[in-house]
Every structure is written in structure tokens, then in C-alpha cells.
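Okay, so here's the structure we're looking at.
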Amino acid sequence: MKPYVLAVLLLAGSVPAAQADETVTINPGAVWPDNRGQHIQAHGGGILKVGNIFYWFGEDRSRDNERGLRYVSCYSSTNLGQWTFHNQVVKLADPENLGRGWVFERPKVFYNAKAKKFVMYAHLDDRSYQLARVAVLTCDTVDGNYQYLKSFRPLGHESRDIGQFIDDDGTAYLIFEDRPNGFHIARLSDDYLNVEKDVHLFTNHLEGGALVHYEGLYYCIGSALTGWNPNPNKYATATSLGGPWSEFKDIAPPEANTYGSQSTMMLKITGTKTNCVIFMGDIWKPWSQWDSHYLWMPLEIGDGKLRLPEPHKWTLDIATGEAKIEK
């Protein structure tokens with residue numbers, strides 16, 4: 001093992017018990033139990049890979065959470081099917097006197113190797129969604145207790161739904177929805193504590209932004225601004241993050257409304273035999289948010305085309321990268 005890999009693993013904190021089966025079955029839309037048998041609470045979330053371990057962060061909407069606090073949970077897996085609960089890494093009281101119904105959504109975690117810090121971004125708002133800021137929290141370990149640092153409007157712009165992207169060269173980007181202007185791809189500063197540069201502004205009014213770099217093309221997915229209600233998510237492509245970008249097209253039959261889900265991330269798996277890209281979406285239940293489910297499916301992607309297949313059970317071999325949909 002290379003020394004720097006060992007160092008990252010040591011920084012990561014506790015590691016899950018070995019998950020023997022490299023091939024797992026994923027059932028999109030179903031209850032997804034963790035190692036305790038409890039439905040995973042990682043809504044609006046994202047994945048960070050540390051060594052050979054995937055960490056899934058998301059909003060914890062558990063019914064027994066204290067009403068005045070906002071929670072983020074962290075889970076780990078080596079195969080993306082079986083998940084071990086680690087910690088409610090955020091248990092945050094109202095950080096800026098935002099008042100009743102304040103909002104803390106869509107947590108995304110980056111690892112800054114230079115500072116040896118894990119940095120979380122999230123959407124911070126008041127109940128009327130007029131604050132429109134990002135919150136920044138940090139931690140020395142991936143599954144420790146993240147400490148609130150600050151909030152701001154990135155580059156002075158409104159920011160609501162956010163997404164994350166780490167390019168093949170390791171550069172970190174924040175995707176954020178800016179209601180007056182569209183949505184942005186922006187590069188983080190070297191320490192990841194600020195948004196440094198606007199790389200591209202889409203004038204389309206989309207949220208739930210997700211990015212992946214696959215076979216020489218960037219693919220970007222976004223969701224229309226329809227609140228909790230699902231809509232036809234769309235994608236565009238470019239050879240450079242700065243564009244020019246293609247026109248947006250549907251990722252699935254528009255009448256299916258993305259099969260009831262909303263994009264939160266695209267996760268690329270590089271295997272020994274092939275590569276696959278997983279669409280990660282949330283099936284929101286606004287009146288019982290603790291029971292919101294997840295739609296994960298392997299995308300049909302390549303040559304500038306992207307399609308989200310109709311959800312069925314599917315298997316993933318994390319080592320080979322092979323994904324097979326059951327019919």
C-alpha cells in the first residue's frame with residue numbers, strides 16, 4: 001500500500017467490517033436498510049470515496065430527531081449495496097438566528113488533502129428560502145462531528161440546491177442554483193473553504209445539479225424548479241466544463257417524471273472490466289420525509305447520449321464495474 005493511501009485511510013476514522021460480496025443487488029425505490037436494519041437516512045446526499053471505502057452523507061430526517069436541530073448522517077460501504085451506519089455527523093442548532101423552520105439541506109463532503117480536512121457544504125436558508133446561502137463545516141475525520149464554520153453567498157450569488165463534482169485531476173467544484181440567473185459550476189479555493197471562480201453559468205433554471213466526466217465528455221444533469229414534485233430531469237454535454245454546452249435533453253421519457261425521482265449525484269465506478277455511471281436520485285415524500293426513498297440506476301451513457309433506464313432491480317460488481325439490470 002502506498003504511504004499516502006495509508007495516511008488517507010488513517011484520517012478516515014473507523015472502517016466498516018469487511019463486506020465479503022463484491023456483487024450486490026440494488027432495488028431502486030425500496031426501503032434500503034443499513035446494518036442496523038433501519039432505513040438509510042441520507043436524503044439529498046452525496047458520496048465521497050476514501051481509499052476503497054465509499055461514504056454516503058445525507059439529510060437525516062428521522063422522526064425521533066430533536067425538532068430544533070438539523071442532522072446529517074454518514075454511512076460507509078465497500079460495495080455500494082450494504083451500508084454501515086457511522087454517526088450523525090451534524091447535529092446543528094440554528095447557527096445564524098434564522099428562526100423557526102430554518103433549512104439545512106443537500107450536504108456534500110470533500111476531502112482536502114493539503115489541509116487534511118474534510119469540508120462539508122450545504123444549503124442554508126430561512127423558512128422563506130430568501131437567505132439562499134451555502135454553509136461550510138469542517139472535520140478532521142470523515143465520520144466525526146463536523147463543526148460549523150460560516151455561511152456565504154458564493155461569488156455573491158444566491159445558492160439553494162447544491163451538487164458536488166471532483167474532476168479526474170482532483171479539482172473540486174460546487175454546483176449551485178441561482179434563482180435570478182440560472183445555475184453555476186464553480187471551482188472551490190485551494191483550501192475548499194470558499195468558492196473561487198465561476199467556471200460556467202447555465203441560463204437554464206435548474207436545480208439538483210450533478211456532473212460526471214465520462215470518455216472525454218462532461219455530462220450535466222439538472223431538475224426543473226417544481227419544489228417537492230418530480231419532473232423530467234435533463235442533461236447536456238460539453239468537452240470542457242466552461243462549455244460550450246449542448247442543449248438540454250430528457251434523460252427519460254418526459255411523462256415518467258424521472259420515475260418519481262430528482263437527481264442528486266452521478267457516481268462513476270471504474271472497474272477492471274468496464275466503467276459504469278450510477279444515477280443517484282431522491283424519491284421525496286414531503287409529508288413523511290423520513291420515509292423518502294432512493295432511486296439508483298446504472299445509466300446508459302456514451303458518445304454524447306445519456307439515458308436513465310426504467311427502474312428494476314440490478315446487480316453491481318464493484319470490482320469489475322459491471323452493472324446488470326434484471327428484467
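Values in this document were obtained by computation on a predicted structure and should not be read as measured data. We're numbering straight along the sequence, starting at 1.
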Of all heavy-atom pairs linking Trp290 and His39, the shortest is O-CD2, 3.5 Å
Ring centers of Trp228, Trp287 separated by less than 6.0 Å:
no
Hits for salt bridge (charged side-chain N to carboxylate O under 4.0 Å, His left out) against Glu177, two or more places apart or cross-chain, chain-then-number order -> Arg179
Task: Ring centroid separation His200 to His184 under 6.0 Å - done: no
_Both conditions, 6.0 Å and 45 degrees, for the charged tip of Arg70 above the ring of Trp102: are they met here?_
yes
By side-chain contact (heavy atoms from CB on, under 4.5 Å), Ala30 pairs with (sequence neighbours left out) Asn27
Think Arg187 forms a cation-pi with Tyr173, using NZ or CZ under 6.0 Å from the six-ring centre and within 45 degrees of its axis? no
Residues Pro311 and Met297: closest non-hydrogen pair is CA-SD, 3.8 Å
Notebook entry, point to check: Any chance the side chains of His86 and Ser76 put a donor and an acceptor closer than 3.5 Å?
Noted result: yes
> Can you list the steps and then say if Ile47 with Tyr55 is a side chain to side chain contact (heavy atoms under 4.5 Å, CB included)?
Replying inline: CA-CA 5 Å; Ile47 301 281; Tyr55 290 90; over 6 Å; no
**Item:** Polar side chain donor-acceptor pair, Asp60 to Gln88, under 3.5 angstrom
**Value:** yes
* Does the distance from a Lys or Arg side-chain N to an Asp or Glu carboxylate O, for Lys117 and Asp140, drop under 4.0 Å? -> yes
Would you please say whether a donor-acceptor pair under 3.5 Å links the side chains of Asn233 and Asn231? yes
To the nearest 0.5 Å, atom CD1 of Ile283 lies from atom CG of Asp291 at 10.5 Å
Practice prompt. Take Val103 and Arg127, measure what side chain to side chain contact (heavy atoms under 4.5 Å, CB included) needs, and give me the verdict at the end.
Written response: CA-CA 6 Å; Val103 172; Arg127 65 184 303 179; 5.7 Å; no
Smallest heavy-atom separation, Val89 atom then Val142 atom, equals CG1-O, 4.4 Å
- Side chains of Thr84 and Asn35: is there a donor and an acceptor less than 3.5 Å apart? no
inquiry  = As a quick check of understanding, evaluate side chain to side chain contact (heavy atoms under 4.5 Å, CB included) for Leu188 and Phe110, giving each step before the final call.
reply    = CA-CA 10 Å; Leu188 297 186; Phe110 302 85; 4.0 Å; yes
*Run the ring pair (Phe, Tyr, Trp, His ring centres under 6.0 Å) check on Phe183 and His157 step by step: do they pass?*
CA-CA 10 Å; Phe183 78 110; His157 295 293; over 10 Å; no
Heavy atoms of Leu98 and Asp125 approach each other most closely as CD1-O, 3.5 Å
- Message: Please check this pair: side chain of Ser240 against backbone of Gly242, looking for a donor-acceptor N/O pair closer than 3.5 Å.
- Response: yes
Can you confirm whether the side chains of Glu96 and Tyr148 place a donor and an acceptor under 3.5 Å from each other?
yes
- Trp296 ring center within less than 6.0 Å of Trp314 ring center: no
Please assess Ile269 against Val277 for the test side chain to side chain contact (heavy atoms under 4.5 Å, CB included), listing each intermediate value before the final yes or no.
CA-CA 6 Å; Ile269 304 300; Val277 177; over 6 Å; no
Any donor-acceptor N or O pair under 3.5 Å, side chains Tyr294, His43 = yes
Could you tell me if Gln262 and Glu207 have a donor-acceptor pair between their side chains, going purely by distance under 3.5 Å? yes
Do the charged groups of Arg36 and Asp34 touch, with an N to O distance under 4.0 Å? yes
Inset, instruction - Output, in order, the C-alpha distance, side-chain angles, deciding distance and verdict of salt bridge (charged side-chain N to carboxylate O under 4.0 Å, His left out) for Asp168 and Lys268. - result: CA-CA 11 Å; Asp168 296 339; Lys268 182 169 65 175; 3.5 Å; yes
All heavy atoms of Asp250 vs all of Pro232, minimum pair found to be OD1-CB, 3.7 Å
query = Would you call Glu158 and Arg160 a salt bridge, using N to O less than 4.0 angstrom?
reply = yes
| query | Does the ring center of Tyr75 lie less than 6.0 Å from the ring center of Phe54? | reply | no
For Val134 and Pro154 the tightest heavy-atom approach is CG2-CD, 4.1 Å
One should read off an interatomic distance between Tyr235 OH and Leu308 CG, to the nearest 0.5 angstrom, of 12.0 Å
query = Do the side chain of Asn65 and the main chain of Leu69 share a donor and acceptor less than 3.5 angstrom apart?
reply = no
Would you say the side-chain atoms of Asn112 and Asp191 include a donor-acceptor pair closer than 3.5 Å? no
Name each donor-acceptor pair under 3.5 Å that joins a side chain in residues 320-327 to protein atoms two or more places apart or in another chain, with its distance.
residue	atom	partner	partner atom	Å
Thr320	OG1	Glu322	N	3.3
Thr320	OG1	Glu322	OE1	2.9

